[in-house]
Participant: 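Have a look at this one before I ask anything.
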Amino acid sequence: MNVIETDSLTKYYGKSRGIIDLNIEVGQGEFLGFVGPNGAGKSTAIRTLLGLISPTSGSASVLGLDIGKSRTEILSRVGYLPSETAFYNGMRVSEVLELSARLRGIDCTKEAAVLCERLQLDKTKKIRQLSLGNRKKVGIVCALQHLPELYILDEPTSGLDPLMQQEFYNILKERNSQGATVFLSSHILSEVARYCGRAVIIREGRIIAADTLSVLSAKGFRRVTLKGANVLPLIDGISEVRREDSEVTFAYRGEAGKLIRALSDLEFDDITITEPSLDEIFMDYYTAEEGHR
Amino acid sequence: MTLFIHELKQSKWSLIIWTVAIAYMLGIAIVIYPQMAPQMNEMGDMFANMGGFTAAFGMDQINFGEFWGYFAIECGNVLGLGGALFAALTGVSALSKEQKDNTAEFLLTHPISRRRIVALKLAAVLTQTAVLTVAVMLAACLATAVIGESIKLKELLLLFVAYLLMQVQIACISFGISAFSRGRGIGAGLGMALMLYFVNILSNLTDRLEALKYLTPFAYADGAYIVSNSVLQFEYIAAGAVFALFGITAAFIRYTTKDIT
């Protein structure tokens, strides 16, 4: 059974686009990154899954339950961290954590204490006195303290210092290894590459790629530099051409064999073919025009 | 239940401040009555002869020289208007404050149905109006006892029941507005309460506008009428109940399908 499954999920806000024809499948126990530039529709997709907004068309199920019909049941088994966490004024951290637990009808005191300890969150402080990062931690504890089966996290590490990010991911990894599924949106690609087994890339409301990270980067382009030449191989898939003195650099998308054969007709002194950085790969997915793939 | 208690805790200070302010003003008005009483008969004559103005505030029905006449008018001024504004404010922010303060996302991603959220929030609003009314009534009784006037229990209870119903009606209509509102909606809530107040004044001015009384809860929360006739005007209360139910229904329908963005 898929933990999250969407079928042509579409959301328009009036005439403006939210998400279009989204088909996502997240399997049990996956650690999945949901990646895309700002405004691509990540939060819209997440909010639809949680029933905060209702889809314009299409359907989706979470934990095998229909998002429209079984909203409360889904929410009781999901831990959600919003991208911008806001809490009630005048409350203390401990009161917020307790309110969250009570709204779920369960006692999470022990787990909350463990999480606060690990994330170094002072429960006696008032929410108002907390920094952005510490406020984020309150949201994290709210999302994690009831030991849900599925974690839906919207940009979970924004505002956290690197040490805390590390600890946060350690906790998530532990939960994941105990069988929980993690679905997190992010635009910090290095963390997605590091922790997520698979990534779904969304752009302008549509899924443009979904695969393991090794496959995603393999599908990416190669950067080729030819020294002592200023002609290009005569094949398709060449872009971003830069010429400097006696050197030409270009990006190549396509089969490596074709490139090598085309290069063999050229005269040059030296060649480097490099794999682009992860950021470049994602950037390429974000900006790529239809014709490229 | 958790949400109900949470709501009351959140609005604790607002409730305390409004209750104390209204109770204090009404108490003062009652306590100064013995000093006012000797001039009341003259003033009563004066008020009784101001034509439209007299009728507008229901002072044509009342004997100012009597404590209970004075009490009814003061109640109308202080608890009538104050209570209405409190009810409007509390009702109109009940649902909308969650979106304004960005806490809706927190609340609505907990396993609690929207219908239940609406029901518990409405219960919290109505509880607050009841607490305010009862507290003000007790303060008024205390002040009355302090100046040595006897308490007319039936009139007292009818009066406060009428003011409570009025607040409930305004709270329910405001609550309906709250489900549609994107901001806090305070302007809309207070504006609505004041408009209803002026509609009642208009309807008092001339018989031709008598029908307007069905539109406003101030028509049955009319201290002068209640004290001089010892009855409530059920036809206006019934009309008010329709408006209140309309507000509640609108809130349920809107809030259970609303996109929280």
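Each chain gets a letter, A, B and so on, in the order the sequences are listed, and its residues count up from 1. Just the heavy atoms: all of them, side chains too, but no hydrogens, waters or symmetry mates, feed the values below.
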Participant: Checking heavy atoms, do the side chain of B:R116, its backbone, both or neither come under 4.5 Å from chain A?
Facilitator: neither
Participant: Counting only non-hydrogen atoms closer than 4.5 Å, can you tell me which residues of residues 66-76 of chain A sit against chain B?
Facilitator: A:R71, A:T72, A:L75, A:S76
Participant: Which one of A:R104, A:H146, A:R102 satisfies the side-chain contact (heavy atoms from CB on, under 4.5 Å) criterion with B:H110?
Facilitator: A:R104
Participant: When rounded to the nearest 0.5 angstrom, what distance separates OG1 in B:T103 from OH in A:Y88?
Facilitator: 4.0 Å
Participant: Which of residues 107-135 of chain A have a heavy atom under 4.5 Å from any heavy atom of chain B?
Facilitator: none
Participant: Answer whether the closest heavy-atom distance between the side chains of A:M91 and B:H6 falls below 4.5 Å.
Facilitator: yes
Participant: B:F106 versus A:T85: any side-chain heavy-atom pair under 4.5 Å?
Facilitator: no
Participant: May I ask you to list the residues in residues 1-15 of chain A that approach chain B closer than 4.5 angstrom, counting heavy atoms only, ordered by number?
Facilitator: A:K11, A:Y13
Participant: Let's test your reading of the structure: which of B:T109, B:L107, B:I5 forms the most heavy-atom pairs below 4.5 Å with chain A?
Facilitator: B:T109
Participant: Heavy-atom pairs under 4.5 Å with chain B: which of A:G139, A:G90, A:P82 has the most?
Facilitator: A:P82
Participant: So which residues of residues 26-54 of chain A are in contact with chain B at a heavy-atom cut-off of under 4.5 Å?
Facilitator: A:R47, A:L50, A:G51, A:L52, A:I53, A:S54
Participant: Would you say A:E84 has more than 12 foreign heavy atoms packed within less than 6.0 Å of its CD?
Facilitator: no
Participant: Distance from A:L99 atom CG to B:K9 atom NZ, nearest 0.5 Å?
Facilitator: 8.5 Å
Participant: Is chain A contacted by the side chain of B:D101, its backbone, both, or neither, given a heavy-atom distance below 4.5 Å?
Facilitator: backbone
